[in-house]
Amino acid sequence: DNLGYTVNEGDVISVTGEVAQFNGKSQIGFLTDITMVGTDVVPAPTVVTELGESTEGELVTFNDLIFLSENGETWDVETQSGRPYELRVDGDINYSGRIPNANEVINVTGIGSQFYSNVLTDPDCNKFYQITIRKTEDIQFTSSIASTSLDRIEIYPNPAVNTITI
């Protein structure tokens, strides 16, 4: 229930509800009031090379992430140096872009956050930093594919005549 108000980018709002935790993320639930108090310019994102406590709740841009896989609303990505992160593509934003190919390099803008899996049953659970995108345009495709080291190449047919497949 949106209490009769749809939040727009740039709105400054006052929200009344119950503060709760969901897998390490603070959230406001059971809303009883949403009031627009003004508008403001959305700040420019900060370009980051890693996520952590300092990027939680901040609008950030992470360039040159390597897309690994997609599992519904969670995409696995990693930095060029191999550090894993999660990209949250929440169903509420109605993402209408394409899903990247494996090893495709993307630039991502979104809200830095963290997510704990199994936080209630395992206090030493895995803690993931993630970026939650706000809209389809937060995913920018670059024209490169991350390089993959090969230890063997097979070419066929052998001998090749006019066409080869690698």
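For reference, positions follow the sequence shown, starting with 1. Reckoned from all heavy atoms, side chains included, excluding hydrogens, waters and symmetry mates. Values in this document were obtained by computation on a predicted structure and should not be read as measured data.
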* Asked: What do the steps show when you test E50 against Y129 for side chain to side chain donor-acceptor pair (under 3.5 Å), and what is the final call?
  -> CA-CA 9 Å; E50 65 180 16; Y129 286 102; over 6 Å; no

* To do: Could you go through the side-chain contact (heavy atoms from CB on, under 4.5 Å) check for I131 and I111 one step at a time?
  => CA-CA 5 Å; I131 297 177; I111 308 300; over 6 Å; no

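- Within the 6.0 Å centre-distance limit, the rings of Y95 and W75 are counted as a close aromatic pair.
- Side-chain contact annotation: Q27 with Q21, donor-acceptor N/O pair under 3.5 Å absent.
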* To do: Starting from the C-alpha separation in whole Å, work towards a yes-or-no answer on side-chain contact (heavy atoms from CB on, under 4.5 Å) for T49 and T79.
  => CA-CA 8 Å; T49 56; T79 64; over 6 Å; no

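- Contact annotation: the side chain of V7 never approaches that of M36 to less than 4.5 Å [non-hydrogen atoms, C-beta and beyond].
- Applying side-chain contact (heavy atoms from CB on, under 4.5 Å) to V12 and the options T35, T39, V37 leaves one that passes, V37.
- To the nearest 0.5 Å, the span separating CG on L65 from CD on Q140 amounts to 13.0 Å.
- I106 has its side chain out of reach of T142: every pair of non-hydrogen atoms, C-beta onward, lies at least 4.5 Å apart.
- With contacts defined as side-chain heavy-atom distances shorter than 4.5 Å, the pair Y85/D76 does not qualify.
- Here the CG-CG distance, from D92 to N94, works out to 7.5 Å after rounding to the nearest 0.5 Å.
- When side chains are defined from C-beta on, K135 does not count as touching I93, because their heavy atoms never get closer than 4.5 Å.
- Looking at residues two or more places apart in sequence or on another chain, you find a side-chain hydrogen bond (donor to acceptor under 3.5 Å, both in side chains) between D11 and Y5.
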* To do: Test side-chain contact (heavy atoms from CB on, under 4.5 Å) on D33 and V15 and set out the steps.
  => CA-CA 6 Å; D33 184 57; V15 178; over 6 Å; no

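- Between E78 and R83 no salt bridge is recorded (no basic side-chain N to carboxylate O distance below 4.0 Å).
- By the 4.5 Å heavy-atom criterion applied to side chains, T136 and I139 are not counted as neighbours.
- Cluster membership for I13 and V42, using ILVMFWY side-chain heavy atoms within less than 4.5 angstrom, is not shared.
- Counting non-hydrogen atoms of neighbouring residues, nucleotides and ligands closer than 6.0 angstrom, the CG atom of N8 exceeds 12 such neighbours.
- With contacts defined as side-chain heavy-atom distances shorter than 4.5 Å, the pair E58/V48 does not qualify.
- You'll find the side chain of R98 reaches within 4.5 Å of the side chain of F141, heavy atoms only.
- Under a 3.5 Å cut-off, the side chain of Q80 and the backbone N or O of D64 do form a donor-acceptor pair.
- The CG atom of L87 lies 8.5 Å from the OG1 atom of T74; values are rounded to the nearest 0.5 Å.
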* **Full working for side-chain contact (heavy atoms from CB on, under 4.5 Å) between L31 and E18** => CA-CA 7 Å; L31 296 177; E18 183 180 306; over 6 Å; no

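- Judged by distance alone, the side chains of T109 and T61 do bring a donor and an acceptor atom under 3.5 Å apart.
- Here the side chain of E104 pairs a donor or acceptor atom with the backbone of N101 at under 3.5 angstrom.
- Residues that satisfy the salt bridge (charged side-chain N to carboxylate O under 4.0 Å, His left out) test with E73, not counting sequence neighbours, are R88.
- Two residues are said to be in side-chain contact when any heavy atoms from C-beta on lie closer than 4.5 Å; V77 and E86 fail this criterion.
- T46 contributes no side-chain N or O that, together with a main-chain N or O of V60, makes up a donor-acceptor pair within less than 3.5 Å.
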